[in-house]
Amino acid sequence: MEYADFLDESYEPGAEDLVCTFRIAPGEGLSVGEAAARVASESSNGTWAALSPESDVRQYSALACGIGGEGPHGTDITVAYPEALFEYGSLPQVLSCIAGNIMGMKAVDTIRLLDCDWPEGLADSFPGPQYGSDVRTEILDAGDRPPLATVPKPKVGLSTEEHVDIAEAAWRGGVDLLKDDENLTDQDFNPFERRVADALEARDRIEDETGERKDYLVNITAETDEMLRRAEYVADQGGSFVMVDIITCGWSGLQTVRRRTEDLDLAIHAHRAMHAAFDRLPQHGVSMRCLAQFARLAGVDHIHTGTAGLGKLENEDTPGINEWLRSDLYGHKDVLPVASGGLHPGIVDQLLDALGTNIMVQAGGGIHGHPDGTEAGARALRAAVEAHGDGESLETRAESVPELKTALDKWGTDSPR
Ligand code: CAP
Ligand code: MG
């Protein structure tokens, strides 16, 4: 058993293979084929020295079976992994194979995991989402309109009173969901339990006032046992959602939370803070497309996937990722994509034209930065989304919604830099 045994371009992947596409730049002195063989070997059960094991371990060996054309960031190769290599239901084990040591091998100058094609057995060994985009009707009253969410800004430092006041104003103005920021957890200036209890109490009041269901994406990000305790607290207080910073918490932590949210009947909002450390460079790392795939298998209901070039953040392939999150995956529920980052009422129509309306729209600065405050900012965003649904231009809707007019006067229709 040596590196050359892990390359077979005549091999046709079968239904029981996990097929991964990588983009590689071979290391010095190696051909693409030689580098591809090393990727297959080191990510399954080979190593640098020739081995002669007694037992038939070849059944667990991956095969580099496709070599594509050379592109600006490297050459795309295909590697087929037999399902038997993997532990069913364990994302960390799968990732330790397909995104493990190979990321640091000398045999490749750069390597990026671009895409995965999942076999049924392995995909079915994961729970998948509990709700997916059904949250729009099962938990909220959004119907086929994009649910609107807002993060109180400044992102941390507000007291619980200030946080709840902002929540009330945003809900009253037409937002469906309050959302904690990715770095707001249980700090002294806004402690977790009081924040959750007071905000959900306010939620009940505003629901009575508006006749519309409202809810709260509560950030439970913490050490795993503590996340479980916080999820139970949210359920006890009558919440329906928890938010997890899935990259910083890690896949094991997420899988543990998903087990408990099934019992607690809570939907999971996935924030992807730190994703860009994996996916920003086109020639190296792990693509956001793959991170989203892992998250769907793990069972999140919503995940941030970007704003199709609009907004303040760099993103890759948002429409393609969103399409995969809605695609059939052996009966797993879809995942509701979240567009967030520098959004304001003046660019929402462009966003919905680019991504469709089966998304969640989050605006923080684009609501709380409104000259007339949070409630006006929320009214402006809601009006912008409803105008798009009615096929009416922002400018026309602004004639009857002064809050929208004010937002357009302030921010125009361009993305912030
Ligand atoms: C947006 C946000 C979100 C980012 C995350 C922020 O605030 O709260 O965390 O959108 O990025 O902290 O920047 P604004 P992504 O609405 O005020 O811009 O959605 O790309 O994962
Ligand atoms: Mg944030």
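Numbering of ligands and ligand atoms starts at 1, following listing order. As the structure is a computational prediction, the values presented were derived from the model and not from experiment.
- No heavy atom of Leu343 sits closer than 4.0 Å to any atom of ligand 1.
- Ser415 places a side-chain N or O within donor-acceptor distance of the main-chain N or O of Gly311, the cut-off being under 3.5 Å.
- Heavy atoms of Asp181 found under 4.0 angstrom from ligand 1 belong exclusively to the side chain.
- A cation-pi arrangement is found for Arg230 relative to Phe192, the charged atom lying closer than 6.0 Å to the ring centre and inside a 45° cone about the ring normal.
- The distance from ligand 1 to the heavy atoms of Gly364 drops below 4.0 Å at these ligand atoms: 14 (P), 16 (O), 17 (O).
- With a 6.0 Å cutoff to the six-membered ring centre and a 45° limit on the axis angle, Arg205 does not count as a cation-pi contact of Trp171.
- In terms of protein heavy-atom proximity, atom 20 (O) of ligand 1 is nearest to Arg272 NH2, 2.7 Å.
- Listed by number with element, the atoms of ligand 1 under 4.0 angstrom from any heavy atom of Gly365 are 14 (P), 16 (O), 17 (O).
- Across all non-hydrogen atoms, the minimal contact from Met288 to Glu316 is N-OE2, 2.9 Å.
- Taking 4.0 Å as the cut-off between side-chain N and carboxylate O, Arg397 and Glu395 do not count as a salt-bridged pair.
- For the pair Trp411 and Gly366, the tightest heavy-atom approach, listed with the atom from each and the gap, is CZ3-O, 3.4 Å.
- In this structure, His304 and His271 have tilted ring planes: the angle between them lies in the 30° to 60° band.
- Of all protein heavy atoms, the one closest to atom 10 (O) of ligand 1 is Ser340 OG, 2.6 Å.
- Here is the list of ligand 1 atoms found below 4.0 Å of a heavy atom in His304: 15 (P), 19 (O), 21 (O).
- Close contacts of ligand 1 with Ala363, meaning ligand atoms under 4.0 Å from a residue heavy atom, involve 16 (O).
- Within the 3.5 Å criterion, the main-chain N or O of Glu403 finds a donor-acceptor partner in the side chain of His370.
- Contact analysis puts Gly342 in contact with ligand 1, with a non-hydrogen atom separation below 4.0 angstrom.
- Looking at Thr110, Asp76, Asp115 one by one, the single match for side-chain hydrogen bond (donor to acceptor under 3.5 Å, both in side chains) with Arg23 turns out to be Asp76.
- Here the N, O or S atom of Asp181 that is nearest to the Mg ion (ligand 2) is OD1.
- Atom 13 (O) of ligand 1 has its closest protein heavy atom at Lys312 NZ, 2.7 Å.
- The closest protein non-hydrogen atom to atom 5 (C) of ligand 1 is His271 NE2, 3.5 Å.
- Considering each of Lys153, His275, Met274, the one bringing a non-hydrogen atom nearest atom 7 (O) of ligand 1 is Lys153.
- Distance alone, capped at 3.5 Å, places no donor-acceptor pair between the Arg38 side chain and the Phe6 backbone.
- Remark: minimum distance from atom 11 (O) of ligand 1 to any protein heavy atom is reached at Leu313 CD1, 3.1 Å.
- Of all N/O/S atoms in Glu182, OE1 sits nearest the Mg ion (ligand 2).
- Less than 4.0 angstrom separates some heavy atom of Lys155 from each of these atoms of ligand 1: 6 (C), 12 (O).
- The main-chain N or O of Ala273 is never found under 3.5 Å from a side-chain atom of Asp245 such that the two would form a donor-acceptor pair.
- Not a single heavy atom of Lys179 sits less than 4.0 Å from an atom of ligand 1.
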